[in-house]
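Structure, as structure tokens:
We use all heavy atoms of the structure for the numbers below, so side chains are in, but hydrogens, waters and symmetry mates are not.
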Amino acid sequence: MSLAGKVALVTGAAQGLGKAFSEALLKRGAKVCVTDVKISQGEATVADFQRQYGSDKAMFIKCDVASADEFERTFKVLLDNFGHLDIVVNNAGILKEHDPIRTISVNLGGVMTGTNLAIKALSKEHGGRGGLIINIASVAGLTAQAYFGPAYTGTKFGVVGFTRCWAFNPHIEKMGLRFAVLCPSFTKTDILNSMDALYIDDAHKLVAQLGINPVSTVVDGFMELVDNEQCNGAVVTVTSKEGIVYHKQPLAPSKM
Ligand SMILES: NC(=O)c1ccc[n+]([C@@H]2O[C@H](COP(=O)([O-])OP(=O)(O)OC[C@H]3O[C@@H](n4cnc5c(N)ncnc54)[C@H](O)[C@@H]3O)[C@@H](O)[C@H]2O)c1
Ligand SMILES: CCCCC/C=C\C=C\[C@H](O)C/C=C\C/C=C\CCCC(=O)O
């Protein structure tokens with residue numbers, strides 16, 4: 001499916017998975033707004049994208065997802081430049097167990113703020129064209145591990161619950177919105193370099209036991225969610241053992 005004419009915003013996209021998701025969307029014809037706290041790396045990523053895909057296809061905006069004001073300004077600048085928005089990917093995340101409050105502000109607060117702003121910008125009830133909100137959690141958001149960060153795990157469980165709850169909202173259909181959650185297992189990115197020393201050895205042991213995703217497989221899982229237009233509220237894991245798998249909520253939501 002072509003994404004020509006679509007506009008996407010991806011948070012934490014200067015490097016790693018966010019950069020790879022952005023490039024996958026660009027390859028399919030979308031325009032992408034790359035946002036990140038890392039200014040020089042974000043600008044370099046966008047310069048590279050502009051060389052490959054066209055100067056009008058990508059832009060960079062510095063945005064700390066933990067700052068509601070900065071995030072709101074980012075949506076405004078994006079809409080002023082690209083005119084509309086169709087896909088929001090709340091990807092920015094950190095793994096810093098020594099700072100649980102910052103972990104909550106970025107991993108969960110950032111996803112909540114980004115989702116709420118996306119609902120306003122995309123909703124047909126607010127003058128938008130409808131669209132897709134993909135929130136990036138982790139397998140650690142579905143299954144807690146014995147030797148993996150509790151604060152990180154708590155925020156990722158939060159991302160899954162928050163996003164599923166929005167997907168079940170009865171007004172979503174008339175708003176023209178679709179929600180999805182991507183839950184990768186260990187993936188080869190720089191996030192390991194930012195991990196607390198306390199967890200590095202255990203992370204390496206888990207990786208040796210369970211394997212590690214190449215970024216490309218996680219991108220396949222991401223594009224599966226972009227393309228599965230019939231599916232609202234999908235939660236998909238990407239693991240090296242099982243590949244891309246859809247997960248139902250353990251108990252169905254109650255009906256009125
Ligand atoms: N790599 C993995 O093993 C793995 C597995 C499951 C889920 N994830 C999730 O995928 C997402 C991307 O991780 P990654 O592996 O690409 O990590 P990464 O560290 O390579 O990239 C994360 C990006 O987010 C940015 N960022 C950090 N704090 C930010 C903030 N406050 N505002 C805006 N941007 C910010 C960083 O500058 C960086 O560019 C994260 O949410 C992470 O939890 C990663
Ligand atoms: C080279 C090591 C890379 C380490 C990446 C660092 C952080 C990863 C964060 C992920 O969100 C956590 C992922 C997995 C949680 C732990 C184990 C689950 C394993 C499930 C499985 O693959 O079967």
*For Phe71, check ring-ring contact (aromatic ring centres under 6.0 Å, His included) against everything at least two apart and list the hits.*
Phe75
*Report yes if the side chains of Asn81 and Met59 come closer than 4.5 Å at any heavy-atom pair, otherwise no.*
yes
*Please tell me if the side chains of Ile119 and Trp166 come closer than 4.5 Å, counting only heavy atoms from C-beta onward.*
yes
_Salt-bridge present (Arg28, Asp227; N to O < 4.0 Å)_ = yes
*Side chain to side chain, Ile244 and Phe222, heavy atoms closer than 4.5 Å*: no
*asked:* Check whether Glu97 reaches the backbone of Tyr152 with its side chain - one donor and one acceptor, N or O, closer than 3.5 Å.
replied: yes
_Donor-acceptor contact below 3.5 Å, side chain Arg178 vs main chain Asn228_ = yes
*Can you list the residues that meet the ring-ring contact (aromatic ring centres under 6.0 Å, His included) rule with Phe49, with sequence neighbours excluded?*
none
*Do Lys96 and Asp196 sit within salt-bridge range, that is, some charged N less than 4.0 Å from a carboxylate O?*
no
*Could you tell me which residues satisfy salt bridge (Lys or Arg N to Asp or Glu O under 4.0 Å) with Asp69, sequence neighbours excluded, listed by chain and number?*
none
_Could you tell me if the side chain of Lys124 sits less than 4.5 Å from the side chain of Met175, heavy atoms only?_
no
_For Asp48, all residues meeting salt bridge (Lys or Arg N to Asp or Glu O under 4.0 Å), sequence neighbours excluded_ = Arg51
*Ile191 backbone acceptor or donor facing Ser194 side chain under 3.5 Å*: yes
*side-chain hydrogen bond (donor to acceptor under 3.5 Å, both in side chains) with Thr155: which residues, sequence neighbours excluded?*
Asn107
*Check whether any side-chain heavy atom of Val226 sits under 4.5 Å from a side-chain heavy atom of Phe21, and report yes or no.*
no
_Pair Phe186 + Phe148: ring centers closer than 6.0 Å_ = yes
_Between Val32 and Lys57, is there a side-chain heavy-atom distance shorter than 4.5 Å?_
no
*Taking the side chain from Asp99 and the backbone from Arg102, do they hold a donor-acceptor pair closer than 3.5 Å?*
yes
*Is Asn135 reaching over with its side chain to a backbone N or O of Val159, donor-acceptor style, under 3.5 angstrom?*
no
*asked:* Lys62: which residues meet the salt bridge (Lys or Arg N to Asp or Glu O under 4.0 Å) condition with it, sequence neighbours left out?
replied: Glu70
*Quick one: which of Asn169, Leu132, Thr115, Leu225 gives a side-chain contact (heavy atoms from CB on, under 4.5 Å) with Phe179?*
Thr115
